[in-house]
Novice: 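Got a structure for you, questions after.
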Amino acid sequence: MFTLLQTVAKRYLPENPLMRLLVVNGMTGTFISVFVTSAVLYMNIGNLGYLISTADDPVLPVLMLGFGLFVTLGSVVIGSAIMLVGEKEDDAGSGPGLKQRLTPQNLQLEPVLVPARAPERR
């Protein structure tokens, strides 16, 4: 099974690691958006399922809802993957968390100069 996935990945995914990252996470965002769109319509959230099923042309509202969710969720998945590129594998889950890194011993006060304001005219 794993060798089949490697063969498919070599054949269809780009060689450039950045493009591979974008394609894989873009497809993940697409699958999530299709799932969320179908869940919204199936569970009739906000009465959308009924409104779309009784519309004269139900294809356009479904496409609009799906495209909006595709753009939103695809961007979230791709953006989070890009933001995690610089993380080491150790930092992803097993290293010290943000709470441990931001201790009072690590924090320092920095003086900030604020310019004086002119008095307001009345």
Novice: Honestly curious: do Leu48 and Tyr42 fall in one hydrophobic cluster under the side-chain, below-4.5 Å linking rule?
Specialist: yes
Novice: Looking at Val34, Thr28, Thr30, which one forms a side chain to side chain contact (heavy atoms under 4.5 Å, CB included) with Ile32?
Specialist: Thr28
Novice: Do Phe35 and Met27 land in one hydrophobic cluster if side-chain heavy atoms of ILVMFWY residues count as linked below 4.5 Å?
Specialist: no
Novice: List the atom of Pro61, the atom of Asp57, and the distance in Å for their closest heavy-atom pair.
Specialist: CD-O, 3.2 Å
Novice: Give the cluster check for Leu41 versus Met43: same hydrophobic cluster or not, with ILVMFWY residues linked at side-chain heavy-atom distances below 4.5 Å.
Specialist: yes
Novice: Under a 4.5 Å cut-off applied to non-hydrogen side-chain atoms, are Asn44 and Asn47 in contact?
Specialist: yes
Novice: Please evaluate residues Ile82 and Leu22 with respect to the criterion side-chain contact (heavy atoms from CB on, under 4.5 Å), reporting the C-alpha separation (whole Å), side-chain torsions for both, the decisive distance (0.1 Å), and the verdict.
Specialist: CA-CA 8 Å; Ile82 289 173; Leu22 294 178; 3.8 Å; yes
Novice: Tell me whether Ile78 is reachable from Phe70 by hopping between hydrophobic residues (I, L, V, M, F, W, Y) whose side-chain heavy atoms are closer than 4.5 Å.
Specialist: no
Novice: Do the side chains of Val77 and Val24 join up, straight or via other hydrophobic residues, at under 4.5 Å, putting them in one cluster?
Specialist: no
Novice: Kindly compute the distance separating CG (Asn25) from CZ (Arg20), expressed to the nearest 0.5 Å.
Specialist: 12.5 Å
Novice: Can you tell me how far apart CG (Leu73) and CZ (Phe31) are? Round to the nearest 0.5 Å.
Specialist: 14.0 Å
Novice: How long is the gap from CG on Leu65 to CD1 on Ile52, to the nearest 0.5 Å?
Specialist: 6.0 Å
Novice: Would you name the heavy atoms of Thr37 and Ser33 that are closest together and state the gap between them?
Specialist: OG1-O, 2.7 Å
